[in-house]
2 protein chains.
Amino acid sequence: MKDLTERKQKILKAVVDEYIENASPVSSGEIKAKHLKDISSATIRNELSALEEMGYLIQPHTSAGRVPSRKAYGLYVDKFLVDHPLTPKEIQIIEESFNERFDEVQDLVKRTAKVITDVTNYTSVIVLKNIDTVRLREIKLVGLDEFSALLIIITDNGIIRDKVIAYTEALNEKYIAEASMHLNAIFAGKMVGEITSDEKAQKLISAQFKKYKELYENIIKVLKKYATNAESNVYLDGEGKFLEYPDQDIYSTKDFLEAIDSKERIADIINNDNNIEFSVKIGKDESGGIEKCAVVTAKYKLKGKEIGHAGVIGPERMDYSKVMSVLSYIGKTLDEITDGGKHGQERLNSTEQTGKPNQRRTNDRRGSDKDSK
Amino acid sequence: MKDLTERKQKILKAVVDEYIENASPVSSGEIKAKHLKDISSATIRNELSALEEMGYLIQPHTSAGRVPSRKAYGLYVDKFLVDHPLTPKEIQIIEESFNERFDEVQDLVKRTAKVITDVTNYTSVIVLKNIDTVRLREIKLVGLDEFSALLIIITDNGIIRDKVIAYTEALNEKYIAEASMHLNAIFAGKMVGEITSDEKAQKLISAQFKKYKELYENIIKVLKKYATNAESNVYLDGEGKFLEYPDQDIYSTKDFLEAIDSKERIADIINNDNNIEFSVKIGKDESGGIEKCAVVTAKYKLKGKEIGHAGVIGPERMDYSKVMSVLSYIGKTLDEITDGGKHGQERLNSTEQTGKPNQRRTNDRRGSDKDSK
DNA sequence: GTTAGCAGTCAAACCTTTAGAGTGCTAAAT
DNA sequence: ATTTAGCACTCTAAAGGTTTGACTGCTAAC
């Protein structure tokens, strides 16, 4: 009775599939009718009972069917995912959405979030790698008026951020330009983490470049702020989608909304286990998560460089196969448009050639190359 | 029976006040007990009946109390608002929030939204004036690499936006700098509307500055996009607050969420009647609005310049007096910190002196200087 | 014009009943 | 030793029926 026999697995898969589809407890009769016509419901009941004892199923009350437990979803994601080919319509949505040219990485990120939502019908989320762990390509300083300048931070993966910084003494254009050069020499190529954590070097530089001290310190401050600021790294789309799966009880809806509200929390959840290709986090446990929700994410790569994670937040009973197929397809599409052999590695910045839309058409796709939680 | 006698007004006000407080239909007995002890409930019933006939009240069913109609709210906002002094704690929240220095107008805007939500406990919304109707102070072009540059748009009210633009031919730094100067000469001081709508001038310029044609056209495109793009002008905070007034039925919650989801719609509602100091839009009517919700906004000024509208989206039965008092107080506070006689008009850009927080302390405040819908 | 008093209405809360979906168990069949 | 049929049992959800009490509307007296 301790073994997960093949038949038990089949039945378990049937329960999960059925529950994902209908959101109501699955009965033995239902399984017999739709999945395993050749054994009797009584036998299935025995198996269900065993599976319940093993912790895979939950019975809301004695005379109800069974509902998958978190453990069951975990196993399901590990073993039972099937290839879920995208419909031509879905493919079309994705292709069209990426056919338009983009000038800026952030644009593309937003668009990706939107398309994930459109195709999966779940709330989508993209969390970019913390600027902390990313190399600076360049910083620029552009004077705005005598008391302020725009600091432009360009990271190695092509993301551009900027921020106004102000200073107390009036500075002229020339001074700014000079400072910009000097400071750039210091910052370029370094990781933000390196700069902000290395107090010694900071002091040294700060002393060496006395003239630019205030500016330098301001810049460090801005970088530090970005490094600890989830806000600017988290992109959401389709926050209202949860209204479309209303089988959840009030509690989890509230937890969902609270989670959605706090970008820090989202970032924490998604950055938690971020070294695997696909990550699936089901429900809330010691290490975080969202009550009654599942978070499925995949590595988000642009031009071969990993720039963060992209995925979906939905009910536990989400259509995992579909979501993973969609994420996988989108990943592949992004790969193609950003790394289509057009430019060498050195130009892997934020811009894409203007003019005609990228030509591509691929209908084959891999199913679920997963890794699971 | 056609006149809104003084007593009727009192009763109407009582109904609205009571309903705002308790969210349940108001009965004649309640009014007698809490508001008009010296007339009998029977008399009040007669009056209620008359008020209902006049369209101010609605009876959900025969044996229920009365609920205010939209017409009643309108009258209430017009005539019955009272001065609603802020508590010391509320004042403290506001003051503290603005005491920190800010470098950028957008920062201040976000902070304003946050503080409105914190103090009123409603979802707050700030809609900046469309860039279309605002004069450009300056544009800058900063080369990022040979195929792209960052376009920085600085408007007359100190708002900074930027956008990467890409071009097809490699351009060097010098070229960009030159173009930046030339183009700036063309754009500075003009309103975006002027530039984008005047096709003739566009053609002319485009011919005259042949060298910069592609750039110029790209810039126009970006400006046009901003001009028609609500997204970047709408700031929300406290989107989840609606959970805290759950007396609404499912429908209106849905409409609320849908409205919140679409920044265009928000912008439409708020820009609709934007020439009055305070605007109150109750419920949904021909000209838009949100079912069962009220939108209260005030002009949002910085350094004496009107830069948009700030306000609140909440249930129809919102605490109008309080909201208006809060908006008014915040408006006054902003006036003081941004125009405290520190700099002349010419420096009304985005920066504020660094260092010590602004010193100010004002506890007097005006109540409700309203204008109403 | 106002009020007291009372009949009438209606929603909400609370039961009770019923139906049926689904299980668990037992004993027979394989 | 499994599998299955059969049946008693459980529990929810839906439907129907009462009761309660909060209101109103009306009438007749003040």
Side-chain angles (χ1 to χ4, degrees), chain A residues 1-12 14-16 18-19 21-54 56-69 246-247 249, chain B residues 1-12 14-16 18-19 21-69 72 246-250:
Chain A
M1 277 286 189
K2 284 258 150 133
D3 248 11
L4 244 192
T5 62
E6 180 134 346
R7 192 170 66 186
K8 280 197 180 60
Q9 290 188 27
K10 263 191 196 158
I11 290 176
L12 188 54
V15 173
V16 178
E18 210 54 46
Y19 190 68
E21 198 176 329
N22 300 320
S24 75
V26 184
S27 74
S28 55
E30 219 175 327
I31 296 174
K32 180 182 166 67
K34 297 200 204 160
H35 298 264
L36 291 157
K37 296 202 203 316
D38 42 356
I39 49 176
S40 82
S41 65
T43 310
I44 294 173
R45 272 202 293 285
N46 289 336
E47 296 284 51
L48 287 175
S49 174
L51 284 166
E52 186 174 359
E53 216 160 276
M54 294 163 83
Y56 289 107
L57 295 177
I58 293 163
Q59 203 172 17
H61 55 87
T62 26
S63 78
R66 301 316 205 281
V67 163
S69 68
D247 54 292
D249 56 295
Chain B
M1 276 289 189
K2 282 260 153 131
D3 247 8
L4 204 53
T5 61
E6 179 134 349
R7 191 169 68 185
K8 282 198 178 59
Q9 289 188 28
K10 263 191 195 158
I11 291 176
L12 187 54
V15 172
V16 177
E18 210 53 48
Y19 190 68
E21 198 177 328
N22 300 319
S24 75
V26 184
S27 73
S28 56
E30 220 174 328
I31 295 174
K32 180 183 165 63
K34 298 200 205 162
H35 297 264
L36 292 158
K37 296 201 201 317
D38 42 355
I39 50 175
S40 82
S41 64
T43 310
I44 293 173
R45 274 203 292 286
N46 289 337
E47 296 284 50
L48 287 174
S49 174
L51 283 166
E52 186 174 357
E53 214 160 279
M54 293 162 84
Y56 289 108
L57 295 177
I58 293 162
Q59 203 172 17
H61 55 87
T62 25
S63 77
R66 300 319 205 275
V67 163
S69 69
D247 53 291
Q248 319 250 21
D249 56 295
I250 294 284

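Keep in mind that the numbers below use all heavy atoms, side chains included, and drop hydrogens, waters and symmetry copies. On a predicted model such as this, the values are computed, not experimentally measured, just so you know. So you know, we letter chains A, B, ... as the sequences are listed, proteins then strands, and number each from 1.
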Chemist: With nearest nucleotide decided by heavy atoms, which residue, P60(B) or K32(B), maps closer to the 5′ end of DNA chain C?
Modeler: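 Closer to the 5' end of DNA chain C: K32(B).
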
Chemist: Rounded to whole angstroms, how far apart are CD1 on I39(B) and C1' on dA4(C)?
Modeler: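 Between C1' of dA4(C) and CD1 of I39(B): 15 Å.
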
Chemist: Starting at atom CG of N46(A), determine the distance to atom P of dT23(C), rounded to an integer number of angstrom.
Modeler: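 Going from N46(A) (CG) to dT23(C) (P), I get 11 Å.
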
Chemist: Kindly say if T43(A) contacts the phosphate of dT4(D), meaning a side-chain N or O under 4.0 Å from OP1 or OP2.
Modeler: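 Checking dT4(D) against T43(A), a side-chain N or O does come within under 4.0 Å of OP1 or OP2.
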
Chemist: Under the criterion side chain to side chain contact (heavy atoms under 4.5 Å, CB included), I'd like the reasoning laid out for R66(B) against E52(B): C-alpha separation, chi angles, the key distance, then a yes or no.
Modeler: CA-CA 8 Å; R66(B) 300 319 205 275; E52(B) 186 174 357; 2.9 Å; yes

Chemist: Can you tell me if the side-chain N/O atoms of S41(A) get under 4.0 Å from OP1 or OP2 in dT4(D)?
Modeler: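 Result: no.
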
Chemist: R45(A) side chain N/O closer than 4.0 Å to the phosphate oxygens (OP1, OP2) of dC7(D)?
Modeler: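 So the side-chain polar atoms of R45(A) never come under 4.0 Å of the phosphate oxygens OP1 or OP2 of dC7(D).
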
Chemist: Can you say whether a donor on the side chain of S63(B) sits under 3.5 Å from an acceptor on the base of dC10(C), or the other way round?
Modeler: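 Indeed there is one.
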
Chemist: Could you tell me whether the side chain of L57(B) reaches within less than 4.5 Å of the side chain of V26(B), counting heavy atoms only?
Modeler: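 Side chain of V26(B) against side chain of L57(B), heavy atoms only: no contact under 4.5 Å found.
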
Chemist: Write down the distance between CD1 (I44(B)) and P (dA4(C)), rounded to a whole number of angstrom.
Modeler: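 Value for this atom pair: 11 Å.
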
Chemist: Does a side-chain N or O from Q59(B) land closer than 4.0 Å to OP1 or OP2 of dC10(C), or not?
Modeler: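 No.
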
Chemist: Between C1' on dT24(D) and CD on E52(B), what's the gap in Å once rounded to a whole number?
Modeler: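 So the two atoms are 10 Å apart, to the nearest Å.
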
Chemist: Please report, rounded to the nearest Å, how far the P atom of dC23(D) is from the CG atom of L57(B).
Modeler: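 Whole-Å distance recorded here is 15 Å.
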
Chemist: Here's a test for you: under side-chain contact (heavy atoms from CB on, under 4.5 Å), which of L4(A), V15(A), N46(A) qualifies with L51(A)?
Modeler: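 That would be L4(A).
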
Chemist: Rounding to an integer number of Å, can you tell me how far I11(A) CD1 sits from dT3(D) C1'?
Modeler: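 So the CD1-C1' distance, I11(A) to dT3(D), works out to 12 Å.
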
Chemist: Using a heavy-atom cut-off of 4.0 Å across all strands, would you classify A64(A) as base, sugar-phosphate, or nothing?
Modeler: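 A64(A): backbone/sugar contact only, no base atoms under 4.0 Å.
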
Chemist: Just verifying a value: how many Å separate L36(A) CG and E47(A) CD, rounded to the nearest 0.5 Å?
Modeler: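 Atom-to-atom, L36(A):CG and E47(A):CD are 10.0 Å apart.
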
Chemist: So, for S40(A) and K32(A), which heavy atoms are closest and what is the spacing to 0.1 Å?
Modeler: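 Closest pair (atom of S40(A), atom of K32(A), distance): CA-NZ, 3.9 Å.
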
Chemist: If you take atom types as modelled and just measure distance, does the side chain of T62(B) reach the base of dT9(C) with a donor-acceptor pair under 3.5 Å?
Modeler: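 Between dT9(C) and T62(B), which were checked side chain against base, a qualifying N/O pair under 3.5 Å is absent.
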
Chemist: Using atom CG of L48(A) as one end and atom P of dT23(C) as the other, report the distance to the nearest whole Å.
Modeler: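 It is 7 Å, rounded to the nearest whole Å.
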
Chemist: Atom NE2 of H61(B) to atom P of dC23(D): distance rounded to whole Å?
Modeler: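 That distance rounds to 10 Å.
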
Chemist: When you measure from the side chain of S40(A), which nucleotide among dT24(D), dT4(D), dA4(C) comes out closest?
Modeler: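 Per side-chain heavy atoms of S40(A), the pick is dT4(D).
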
